[in-house]
There are 2 protein chains.
Amino acid sequence: MTDHERLSGFLQDHGIQPSAQRVAIARFVLHTDRHPTADEVLAEVRRDFPMVSRATVYNTIRLFMEKGLLRIHQLEGGVAVCDANTARHHHFIDEDTGEIVDVPWDAVDVGRLDELAGLSVDSWMVVMRGRRRREPPSRD
Amino acid sequence: MTDHERLSGFLQDHGIQPSAQRVAIARFVLHTDRHPTADEVLAEVRRDFPMVSRATVYNTIRLFMEKGLLRIHQLEGGVAVCDANTARHHHFIDEDTGEIVDVPWDAVDVGRLDELAGLSVDSWMVVMRGRRRREPPSRD
DNA sequence: TTCCAGTTTTAGACATATTCTAAAATCAAA
DNA sequence: TTTGATTTTAGAATATGTCTAAAACTGGAA
Ligand SMILES: [Mn+2]
Ligand SMILES: [Mn+2]
Ligand SMILES: [Zn+2]
Ligand SMILES: [Zn+2]
């Protein structure tokens, strides 16, 4: 079974009529741990599929979001980014590079959100800022 | 002492040359617990000062930010909002109204940010989403 | 006071991100 | 094959924010 066939079936399983454009976009945006902007998706998809239009990329990203295949965040800079990680998690933003890094849900403790008077909290996320740290050399 | 004189001195104390426009913008944006967008600031300031320009509002908001009088957040919807609360705090977004509500720093526990491998966290904020809850009637 | 150099404001152009429109292309089903 | 619905497309439109260069203003020096 080809990669295209597998992705095609995956889209169908989620109620999305597959098309060549949608499969090409899915291949890039649903299998990355980066957080690409629509323009980055467009540029990447055009490498293999040069005639794809900007409108299709925006339409398809929104469709994938509506079908629950990705999330869209506005974390900074007036640009929306796609997030293929649909499980709950937190985000770290490298202030030098702008890179957005996923932080596992269980790696951070958040408490007492149920005690906020007058606010019914349905979901939450910790947004951290800082710099990536060089790992200290491991002495195995 | 008039309100204008007080604000004027406040701006001077922070290294900002006061002008009629800057005082009018400061009056609205530095004394609110809402989180207005630049366009909301423009509309509000124009009620008293109809000839103020959009460029001046953007320039002044940025100047106030550079001088530490407010912060700017990108919380959702591709619009930047002004935050006159410069102390550390968290944010709750009402998903029905879009309203942004400040949550005191000490009302939420956040832990283990220092244990994230490879990430040096300088600052963080919890972004919560949900609905405002009607207060239950207090039986005093 | 008047003058002047620096600062501030302004309208509008420009830039960027996203959505909308309406026609063309494609597709699925009969 | 026909056909009606869906999808894609180029480009226009909209939304948010920045830049430019000229005009207006300001605070001291003369
Ligand atoms: Mn804040
Ligand atoms: Mn935008
Ligand atoms: Zn993520
Ligand atoms: Zn706030």
Side-chain angles (χ1 to χ4, degrees), chain A residues 4-5 7-9 11-12 14-26 29 35-46 48-67 70-83 98 100, chain B residues 4-5 7-9 11-12 14-27 29 35-46 48-67 69-83 98 100:
Chain A
H4 183 102
E5 285 164 349
L7 272 167
S8 212
L11 293 183
Q12 268 175 322
H14 288 81
I16 294 168
Q17 183 65 34
S19 69
Q21 289 90 336
R22 284 172 178 174
V23 169
I25 292 167
V29 86
H35 294 77
T37 66
D39 252 31
E40 287 167 352
V41 174
L42 180 67
E44 188 68 23
V45 170
R46 274 189 173 162
D48 288 329
F49 206 137
M51 66 298 296
V52 76
S53 77
R54 187 178 309 273
T56 294
V57 169
Y58 275 100
N59 289 343
T60 302
I61 287 171
R62 191 194 305 190
L63 178 67
F64 288 176
M65 181 194 54
E66 287 165 358
K67 297 300 186 180
L70 57 77
R71 291 177 194 223
I72 296 178
H73 305 295
Q74 305 266 351
L75 289 174
E76 68 169 16
V79 195
V81 298
C82 302
D83 192 341
I100 299 169
Chain B
H4 183 102
E5 285 165 349
L7 272 168
S8 212
L11 294 183
Q12 269 174 322
H14 287 81
I16 295 168
Q17 183 66 33
S19 71
Q21 290 90 335
R22 286 172 177 175
V23 169
I25 292 167
R27 175 146 42 218
V29 87
H35 294 78
T37 66
D39 253 30
E40 287 167 353
V41 175
L42 179 67
E44 187 68 22
V45 170
R46 273 189 173 162
D48 288 330
F49 205 136
M51 66 297 299
V52 76
S53 78
R54 187 177 310 269
T56 294
V57 168
Y58 275 100
N59 289 342
T60 302
I61 287 171
R62 190 195 306 190
L63 178 66
F64 288 177
M65 181 194 53
E66 286 164 0
K67 297 299 186 180
L69 302 185
L70 57 77
R71 291 177 194 222
I72 296 178
H73 305 297
Q74 304 265 353
L75 289 174
E76 68 167 15
V79 195
V81 298
C82 302
D83 192 341
I100 298 168

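First the proteins, then the strands, lettered A, B, ... as listed; each starts at 1.
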Exercise for the section: Evaluate the side-chain proximity of B/Leu69 to B/Ile16: yes if any heavy-atom separation is below 4.5 Å, no if none is. Expected result: yes
Practice task
Enter the distance from B/Leu42:CG to B/Thr60:OG1 here, rounded to the nearest 0.5 Å.
Solution key: 11.0 Å
Problem - A/Arg62: partners by salt bridge (Lys or Arg N to Asp or Glu O under 4.0 Å), with sequence neighbours left out - result: none
Handout entry: Partner set under salt bridge (Lys or Arg N to Asp or Glu O under 4.0 Å) for B/Arg22, not counting sequence neighbours
Key = none
Fill in the blank from the handout: d(B/Cys82 SG, B/Ile61 CD1) to nearest 0.5 Å is 3.5 Å
Handout entry: Those residues that, when tested against B/Glu76, pass side chain to side chain donor-acceptor pair (under 3.5 Å) (two or more places apart)
Key = B/Arg129
Practice task
Kindly write out the residues that satisfy salt bridge (Lys or Arg N to Asp or Glu O under 4.0 Å) with A/Arg71, not counting sequence neighbours, or none if the list is empty.
Solution key: none
Practice task
Mind running a 4.0 Å heavy-atom check of residues 57-67 of chain B against DNA chain D and sending the residues that fall below it, in number order?
Solution key: B/Tyr58, B/Arg62
Handout entry: All side chain to side chain contact (heavy atoms under 4.5 Å, CB included) counterparts of A/Ser53, not counting sequence neighbours
Key = A/Ala55, A/Thr56
Exercise for the section: May I ask you to say what B/Thr56 touches in the nucleic acid, namely base, sugar-phosphate or nothing, with a heavy-atom cut-off under 4.0 Å? Expected result: base
Exercise for the section: Quick one: closest heavy-atom pair of A/Leu7 and A/Ala26, and the distance? Expected result: CD2-CB, 4.1 Å
Handout entry: Protein-to-nucleotide contact annotation, 5' to 3' order, nucleotides 23-30 of chain C [B base; S sugar-phosphate only; - none; under 4.0 Å, heavy atom]
Key = -----S--
Handout entry: Along DNA chain C (nearest heavy atom to each residue), the more 5'-positioned of B/Arg54 and B/Ile16
Key = B/Ile16
Handout entry: Near-strand residues of residues 35-46 of chain A, defined as heavy-atom separation under 4.0 angstrom from DNA chain C
Key = none
Handout entry: chain A contact limits on DNA chain D, taken 5' to 3' with a cut-off of 4.0 angstrom to heavy atoms
Key = D/dT7 to D/dA10
Fill in the blank from the handout: For B/Gln12, the side chain to side chain contact (heavy atoms under 4.5 Å, CB included) test, sequence neighbours excluded, returns B/Pro18
Handout entry: By side chain to side chain donor-acceptor pair (under 3.5 Å) - contacts of A/Glu66 (at least two apart)
Key = none
Exercise for the section: Indicate yes or no for a side-chain donor-acceptor contact from B/His14 to the backbone of B/Lys67 under 3.5 Å, with no hydrogens or angles considered. Expected result: no
Fill in the blank from the handout: Residue set satisfying side chain to side chain contact (heavy atoms under 4.5 Å, CB included) with B/Glu5, at least two apart, ordered chain then number -> B/Met1, B/Thr2
